[in-house]
Amino acid sequence: CGKRVPINAIKLHEAQCDHIKMKCKFNEWGCEWIGKKLDLEHHDNHECEFRNEMGRLVNTIREKTLNQTETIARLQGTRVNQMVNTHTRQLLMIRGRNAGNVFDV
């Protein structure tokens with residue numbers, strides 16, 4: 001956009017600047033539009049050929065993928081907790097067995 005900002009403020013400026021170059025949210029599905037952030041809403045609402053049926057399909061796929069990713073992460077977290085609890089119980093059992101053994105120091 002041509003505005004001069006300190007180097008430590010570039011990321012913040014890029015997040016707020018309406019002149020930053022953006023790709024259409026349907027870029028990975030074939031829309032080749034690249035333009036300024038301030039023009040993106042107009043493109044989404046009036047120009048993008050993917051905005052109607054294809055757009056709904058793409059958004060549905062994205063939502064399902066996100067939901068699946070969240071479910072997988074939650075299940076992995078649960079599995080890790082189960083493994084930690086199992087290992088903890090095993091260690092406590094081993095320590096309990098060895099507590100009376102005079103050879104263990």
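Take Glu28 and apply the salt bridge (charged side-chain N to carboxylate O under 4.0 Å, His left out) test, not counting sequence neighbours, and it matches Arg62. Applying the side chain to side chain contact (heavy atoms under 4.5 Å, CB included) test to Lys3 and every residue at least two apart in sequence or in another chain returns Cys1, Val5, His13.
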**Item:** Leu92/Arg89 under side-chain contact (heavy atoms from CB on, under 4.5 Å): CA gap, chis, key distance, verdict
**Value:** CA-CA 5 Å; Leu92 290 172; Arg89 283 194 305 274; 5.6 Å; no
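When side chains are defined from C-beta on, Phe26 counts as touching Cys48, because their heavy atoms get closer than 4.5 Å. With contacts defined as side-chain heavy-atom distances shorter than 4.5 Å, the pair His43/Cys24 qualifies.
In this structure, Ile61 is a member of the same hydrophobic cluster as Phe50, with clusters built from ILVMFWY side-chain heavy atoms closer than 4.5 Å. When hydrophobic clusters are built by joining Ile, Leu, Val, Met, Phe, Trp and Tyr residues whose side-chain heavy atoms come closer than 4.5 Å, directly or via intermediates, Trp29 is not grouped with Ile34.
If you take CD1 on Ile20 and CG on Leu38, they are separated by 11.5 Å, rounding to the nearest 0.5 Å. Arg74 CZ to Thr69 OG1: the interatomic distance, rounded to the nearest 0.5 Å, is 11.5 Å. To the nearest 0.5 angstrom, Leu12 atom CG is 11.0 Å from Ile10 atom CD1.
Sorted by first and then second residue, the salt bridge (Lys or Arg N to Asp or Glu O under 4.0 Å) pairs involving residues 31-44 (not counting sequence neighbours) form an empty list.
Of all heavy-atom pairs spanning Leu40 and Lys23, the tightest one is CD1-O, 4.2 Å.
Using a distance-only test at 3.5 Å, with no hydrogens or angles considered, a donor-acceptor pair links the side chain of Asn85 to the main chain of Asn81.
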